[in-house]
Number of protein chains: 2
Amino acid sequence: MRQAIEDRIGTSHGRSHAPGAELGHALLDGPAPGQRVGGHAVLLHEGDPARRIMELVEGAVMLTKLLPDGRRQVVELLGPGDVFGLACGDAYVCSAETLTASVVVAHERGALERDGALAARLLRRFESQLCTLHAHALVLGRMSALERVAFFLLRLMPEGRQPGRGDAPLDGSVHIAMTRQEIADFLGLTLETVSRAFSELKRRGLVALLRADEVRIRDRGSMERLAGAA
Amino acid sequence: MRQAIEDRIGTSHGRSHAPGAELGHALLDGPAPGQRVGGHAVLLHEGDPARRIMELVEGAVMLTKLLPDGRRQVVELLGPGDVFGLACGDAYVCSAETLTASVVVAHERGALERDGALAARLLRRFESQLCTLHAHALVLGRMSALERVAFFLLRLMPEGRQPGRGDAPLDGSVHIAMTRQEIADFLGLTLETVSRAFSELKRRGLVALLRADEVRIRDRGSMERLAGAA
DNA sequence: CGGCCCCTTGATTATATTCAACCCTTGTGG
DNA sequence: CCACAAGGGTTGAATATAATCAAGGGGCCG
C-alpha cells in the first residue's frame, strides 16, 4: 500500500525522477529554493528520520497519521505558507502528501538556529497552525457528521473569497481536491457518512453539488450556524 | 456558568484576590517573573483580546473551546514548559484553566520580536505541542472509547516514570486531577462512557482503581497495544 | 466500448449517548 | 460524633448516531 502511492510520484507530473527514489530524496539533493511536485505525491513518511523542515509555497498538502491496524487520520490540511515536517525526537510525526501540484522549500533543521528571519516566520506560522488544530479538535470531539461536513466546506471557501481567482470557476463554487475517503479521514468519519452528509446538505438547500468534486454554498448563514461559527 | 467558575478563583487556594477580579487581570498587573495561582482558576477566556502569551512554569493547565450551544472540548493539556494564550487575529482562541496549583509567566506579545531567546524557546515548544495535537487528532478521529481512555492514562504516566517523585505516591499510581466530565471533554466522549471505560479496563486487569482519582497501570503492554503505540 | 474508480444509497448492526437511579466520599453543622 | 447534604462517580435500560455490509450508478480513460 505504501508502495502503491510512491509508484505514482515519478509519473504524476510528467517528469520522471530516478526510478524508485522517494520525493524526499529528490528534495534532499536539490539546493533549489522551490521544488515543484505533482499532485498525490508522498513528500514524507511518518517515522522516517527528520532531517529537514518544509514550507509549502504553493498548492495543497495533507498530513496523515496511521494506527497499526491501518486506520488513518488526516491531521492537517495545509495551504501556501504552512509548515510541515515536524518531529518529536528525531522522526517525522506525520506523513505528508500533496493534494494538488505544489511548490515546497526544505530547510535543514540546523538553519533554524542561524536564520532568525526563518525562525520568526515559522513561529508565526506555528501559532496559526496551532489555532487551526485547536479548532479541529473541537470538530473531531464534539460535532455531528453534518456539522463536520459543513465546517469542512466553509473552510474550503472562506468568507472573504474574492471571485475570479484561478481556483474559483467564475461562480462561487469550489473544486474539492480530495476523495470522499480523504475527507472522511480528515473529519473522523467514514466515506459513506460523508457522502450522506453532502446529500443531506443538498436536500436542505444549503449547498449545490455541481459535480461530486464541485460544490457551491447556497446558504452561508445556515452553514455557519451548523458549523458553530463562534 | 462562567461566573460559577470564577467564583472559585479567589478561594480555592486560601489567598483572596480582589473580589470579582479575574485572574488574568492579576497577572496583567504583576511584573512578577512567575505568578503563582491556585487550582481551578480561569486564566484566560476564549475571545478576549490577546495581549500576552503565557508560559506554564509549574503545574497543569487545560485549554478549552466552547460551541455556542455549550458543548465543550478540552483541546490541550499542558504541563511545565508549555505555552498558551495563542491568538488568530487579536483574540484568544481558547480559554485556559488550571487543574492544579501552578506557576505562570506572561510575556507581552511584542517581546517576541525583541527577545530572540524567548522566540527560540517558544518555537521549540510550539513544535512539540503541534506534534501532541497531531496525535490527539488521531485519538479523537479514529479511536474507540476504550482506546481513548487507555491513551489518556498512558499519557498521564509516561514510560520512563521515575518512582518516588512528589506526584507519585510510592507505588506506580497517578493522581488524576480531572473529573470524569473533564476527561470526557478531552477525549470527545460523555462522562458515562469514560466511567464505563475505566470499569472495563479494571475488569480486564489492565489498571487498578485505588480511588476514582487514583489509578495504577497493571499491564502496560496491553495498554499500549490498545492505545496504538506507533 | 469496456473497465476502473469513485460516489451514492439502502438495510442492518455496533457503538456511544441519553435518561435515570443509586452509591460513595467528603465536608459541614447540629 | 453522627447525620446529612452536595458533588462526583457508577451502573442499567432505552435510544440515537454513525459504522458496516452490500448493491448499483456515473464519469473518465484506455
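Throughout, a chain's letter reflects where its sequence line sits, starting with A, and its residues are numbered from 1.
Going from atom CD of A:Gln181 over to atom P of C:dC6 covers 10 Å, rounded to whole Å. Between the CG atom of B:Leu191 and the C1' atom of C:dT18 there is a distance of 11 Å, rounded to whole Å. Atom-to-atom, CZ of A:Phe198 to C1' of C:dT9 comes out at 16 Å; the value is rounded to the nearest Å. In this structure, B:Leu209 atom CG and C:dC23 atom P are separated by 19 Å, rounded to whole Å. Per the geometry, CD belonging to A:Glu147 stands 14 Å off C1' belonging to D:dA18, to the nearest Å. Remark: P of D:dT10 and CG of B:Leu201 are 12 Å apart, rounded to the nearest angstrom. One interatomic measurement links the two molecules: CD of A:Glu200 to P of D:dA16, which rounds to 17 Å at whole-angstrom precision. Here the P atom of nucleotide C:dT15 and the CZ atom of B:Arg142 are 15 Å apart, to the nearest Å.
Remark: B:Arg155 is not positioned above the aromatic ring of B:Phe186, lacking an NZ or CZ atom under 6.0 angstrom from the ring centre and at most 45 degrees off the axis.
A:Leu63 has its side chain out of reach of A:Leu86: every pair of non-hydrogen atoms, C-beta onward, lies at least 4.5 Å apart. Using a 4.5 Å heavy-atom threshold, the side chains of A:Thr64 and A:Glu97 count as separate.
Each of C:dC7, D:dT20, C:dT9 was ranked by its minimum atom distance to the side chain of A:Ala212; first place goes to C:dC7. Closest approach to the A:Ser195 side chain among D:dA18, D:dT11, C:dT9 is made by C:dT9 (side chain taken as heavy atoms from C-beta onward).
On a pure distance criterion of 3.5 Å, a polar donor-acceptor pair joins the side chain of A:Glu192 and the base of D:dC21.
Distances shorter than 4.0 Å separate some side-chain N or O of B:Ser199 from OP1 or OP2 on D:dT11. Taking side-chain N and O atoms only, B:Thr190 has no distance below 4.0 Å to OP1 or OP2 of C:dA16.
Below 30°, between 30° and 60°, or above 60°: for A:Phe151 and A:His136 the angle between ring planes is between 30° and 60°, a tilted geometry.
Comparing B:Met178 and B:Arg196 against DNA chain D, the residue whose closest nucleotide sits nearer the 5' end is B:Met178. Taking the nucleotide of DNA chain D with the nearest heavy atom to each of A:Arg148 and A:Arg211, the more 5' of the two is matched to A:Arg148.
B:Arg196 has no carboxylate O lying under 4.0 Å from a charged side-chain N of B:Glu192, or vice versa, which leaves the two without a salt bridge.
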